[in-house]
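A short worksheet on the structure shown next.
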Amino acid sequence: MYRTHDCGALRIENVGQEVVLSGWLQASRDFGGLTFIDLRDRYGITQLVFNAEDEDQAGIDAKLGREYVLRATGKVRERSNKNPNRPTGDIEIEVSKLEILNASKVPPFTIEDETDGGDDIRMRYRYLDLRRPQVQNNIIFRSNLAIETRKYLAEQRFVEVETPFLIKSTPEGARDFVVPSRMNQGQFYALPQSPQTFKQILMVAGMDRYFQIVKCFRDEDLRADRQPEFTQIDCEMAFVTQEDILNTFEGLTKYLFKTVKGVDLPDFPRMSYDEAMKRYGSDKPDLRFDMEFVELNDVAKGHGFSVFDDAELIVGICAEGQASEFSNKDIKKLTEWMQRPQIGAKGLVNVKLTADGIKSSVGKFYTDEQIKTWADKMGAKEGDMLLIMSGEEEKTRKQLNELRLEMGRRMGLMKEGDFKPLWVVDFPLLEWDEESERFHAMHHPFTSPKKEDEERMLNGDHETMKSLRADAYDLVLNGSEIGGGSIRIHDRALQSRNFDLLGFTKEEAEAQFGFLMGAFEYGAPPHGGIAFGFDRLCAVMNGQSSIRDFIAFPKNNQGRDMMIDAPSPIDMEQLEELELALKPKK
Ligand code: ASP
């Protein structure tokens, strides 16, 4: 027998029992003939004590090392110096027999919550990193979330269907990973960016409600919250309106928070895309704090300050109580932060409402009374600081969004344990891209325009297309997009018009999506769906920004798996078999 109990199980009630435990040696200490060992497994840590001078045990302590795999037999006894920080801290095991089940090399970093290992080394030895309770808990959290998702959706009569990984490219706006076909030389499969077309076809097939917790693949540049392969809770429903979908998945989100985190979420507010952009400069506003945008065109223009006079938009935020927190040097630094190429702001106007009056960087151009009208408009009071930006409308809003988030961080307004969900609805259908002089689908090419915009979409001119709204929605949580979806086009004519607008020729559309449009001719029901970013949901629910810690075997920023060392070259033979080998020049 390897164990009667796990390493997190024993309590004071067990004193006197004979037990067997197995686990890893986390630490050991010698005290004049007595050896103390912390034995660890997934469930916790239990202290072992044994007398290394016992005949049976003689010499074993000299052989022990960190991460050795041990089996200990002994009796539970009360500890004289208890450890209140550990659930097993009242007891210890008086070991009668200690066996080494396996030795370990000295690990390259400490396997405790606080580790000394850098990212690279921890990824290379992911199996050791995964022994750390913190990382292990993340993976267990993820498992619970998946199990509860299945329970909820099964209860709602969703059917879990697996869709293929070796498919044909589906455009979701990213690059495909491709897989060469040996049996069809010169041809390639694409890995799905999402099961989008399949889930729609499942609706045509009468499945009615589909879900899948599924890997998706996108060949994009990586960031902390992106991985080349990631997981979605992917869903689709037939005979539904947007309202049905929002309600069903608000239900799922609330259920998951309640069962996995014990948190009751209130009803989710809704905001149109336009309103979100206007009030927060972002389609995923963090609602844990206010600091809403206030437009100042009417009160700040026409006083000879050309930066404002020439601007399309003058807009600001009020940082409550910050007038005395930011020295001129701090503001200079903040301005420089805003001027980095990532944000690209030209400048930043600030106004402090101090007990000694108004202090501002534009005092030369405006009287105190004039500035007071701005402050009033922004609802500011003594002690507050106004931060104001100006320029081209869209750009300025986006830049001010960055500033708002930065101020939120600095002012400690993004509180841990505070969850503020939001549905953003009524996204534009199409987005005009100046560079490529083309429309792009804001969500994806299968998204339906709003019913009232259908006619305008079929017959309108170029400008009209920019104003079309879609039945498309995002679920935002604390400033992260955790889900997105839409009601789909289920009519062949509308779908081909959309491909048209997106710049596909008839032939291209037919070659890529003929199967879907063909299916639409055999009685496609009205349908729609959503996909949650599962890794991100895990991270956001735990107040973390990196999804990597919630993925058992993640890739690094270069898209490498450091543990198995992939990607890697393949044999010439394999290349030849695939007809991918470069033929030597004659
Ligand atoms: N396939 C979409 C995505 O991956 C989600 C959806 O529209 O259901 O974002």
Side-chain angles (χ1 to χ4, degrees), residues 149 153 158-165 167-177 190-204 207-220 225-238 240-242 244-250 252-253 273 283-284 423-431 440-450 469-477 480-490 495 498 502 512-513 516 524-537 547:
T149 300
L153 292 175
F158 279 76
V159 180
E160 186 167 13
V161 184
E162 287 174 84
T163 52
F165 278 172
I167 66 164
K168 173 154 139 163
S169 153
T170 320
E172 296 256 3
R175 226 174 270 120
D176 286 320
F177 281 103
L191 299 181
Q193 294 185 33
S194 89
Q196 186 61 37
T197 47
F198 287 96
K199 67 176 175 175
Q200 292 193 239
I201 293 224
L202 285 170
M203 295 303 105
V204 180
M207 266 308 150
D208 202 63
R209 293 177 168 210
Y210 142 93
F211 89 100
Q212 186 179 193
I213 299 180
V214 61
K215 274 290 175 70
C216 301
F217 305 86
R218 295 183 191 177
D219 189 2
E220 290 175 305
D225 65 343
R226 284 225 180 118
Q227 283 275 311
E229 50 178 306
F230 61 98
T231 303
Q232 287 187 341
I233 309 173
D234 190 45
C235 308
E236 196 77 6
M237 302 169 84
V240 286
T241 60
Q242 168 168 307
D244 300 317
I245 299 212
L246 300 194
N247 289 333
T248 304
F249 292 96
E250 184 164 327
L252 169 67
T253 312
Y273 170 87
D283 58 3
K284 41 177 193 291
W423 285 114
V424 177
V425 297
D426 301 348
F427 274 81
L429 182 72
L430 303 165
E431 206 176 10
H440 289 276
M442 187 100 173
H443 185 51
H444 54 51
F446 315 107
T447 295
S448 171
K450 289 201 158 294
R469 296 291 124 169
D471 271 334
Y473 31 80
D474 275 355
L475 180 54
V476 175
L477 186 61
S480 288
E481 179 203 325
I482 59 163
S486 60
I487 296 296
R488 326 298 183 189
I489 297 172
H490 63 279
Q495 186 65 68
N498 207 23
L502 296 172
Q512 270 203 49
F513 303 111
L516 184 68
H527 62 284
I530 191 168
F532 285 72
F534 189 61
D535 316 280
R536 200 177 292 168
L537 180 62
I547 62 173

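Just so it is clear, the model here is predicted, and its values are computed rather than measured. Residue numbers start at 1 and run along the sequence shown. For ligands, and for the atoms within them, numbers begin at 1 and follow the listed sequence.
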For this session: Please could you name the atoms of ligand 1 that R488 approaches to less than 4.0 Å, counting only its heavy atoms?
Result: 6 (C), 7 (O), 8 (O)
Exercise. Does P445 offer a backbone N or O that forms a donor-acceptor pair with the side chain of Q495 under 3.5 Å?
Worked result: yes
Exercise. Do any N or O atoms from the side chain of R536 and from the backbone of I547 form a donor-acceptor pair under 3.5 angstrom?
Worked result: no
Exercise. Is the side chain of S480 donor-acceptor paired with the backbone N or O of I482 at a distance under 3.5 Å, no angle test?
Worked result: no
For this session: Measure H443 to ligand 1 on non-hydrogen atoms and call it side chain, backbone, both or neither using the 4.0 Å cut-off.
Result: side chain
Exercise. Closest approach of G529 and E236, non-hydrogen atoms and distance?
Worked result: CA-OE1, 3.3 Å
Exercise. Are F513 and F446 close enough that their ring centres sit under 6.0 Å apart?
Worked result: yes
Exercise. Short list, please: which atoms of ligand 1 are under 4.0 Å from a heavy atom of Q196?
Worked result: 1 (N), 2 (C), 5 (C), 6 (C), 7 (O), 8 (O)
Exercise. What atoms of ligand 1 come within less than 4.0 Å of a heavy atom belonging to I530?
Worked result: 8 (O)
Problem set entry | Proximal atoms of ligand 1 relative to Q232 (non-hydrogen, under 4.0 Å) | 3 (C), 4 (O)
Problem set entry | Main-chain N/O of Q212 paired with D234 side-chain donor or acceptor, under 3.5 Å | no
For this session: Using a 4.5 Å cut-off on heavy atoms from C-beta on, say whether the side chain of R488 contacts that of K199.
Result: yes
For this session: Looking only at distances, please establish whether an N/O atom of ligand 1 is found under 3.5 Å from an N/O atom of E236.
Result: no
For this session: Could you list the atoms of ligand 1 found under 4.0 angstrom from a heavy atom of A531?
Result: 5 (C), 8 (O)
Problem set entry | Under 3.5 Å donor-acceptor, D474 side chain and V424 backbone | no
Exercise. Which ligand 1 atoms are under 4.0 Å away from a heavy-atom of S194?
Worked result: 1 (N), 4 (O)
For this session: Could you establish whether E481 and ligand 1 come within less than 4.0 Å of each other, counting only heavy atoms on the residue side?
Result: no
Seminar exercise, completed: Honestly, for Q200 the part within reach of ligand 1 (heavy atoms, under 4.0 Å) is neither
Problem set entry | Contacting atoms of ligand 1, where contact means under 4.0 angstrom from a heavy atom of G485 | 6 (C), 7 (O)
Exercise. Can an N or O of H444 be found at a distance shorter than 3.5 Å from an N or O of ligand 1?
Worked result: yes
Problem set entry | Check: A174 main-chain N/O paired with Q193 side-chain donor or acceptor under 3.5 Å | yes
For this session: Check whether any N or O atom of K199, backbone or side chain, sits under 3.5 Å from an N or O atom of ligand 1, and answer yes or no.
Result: yes
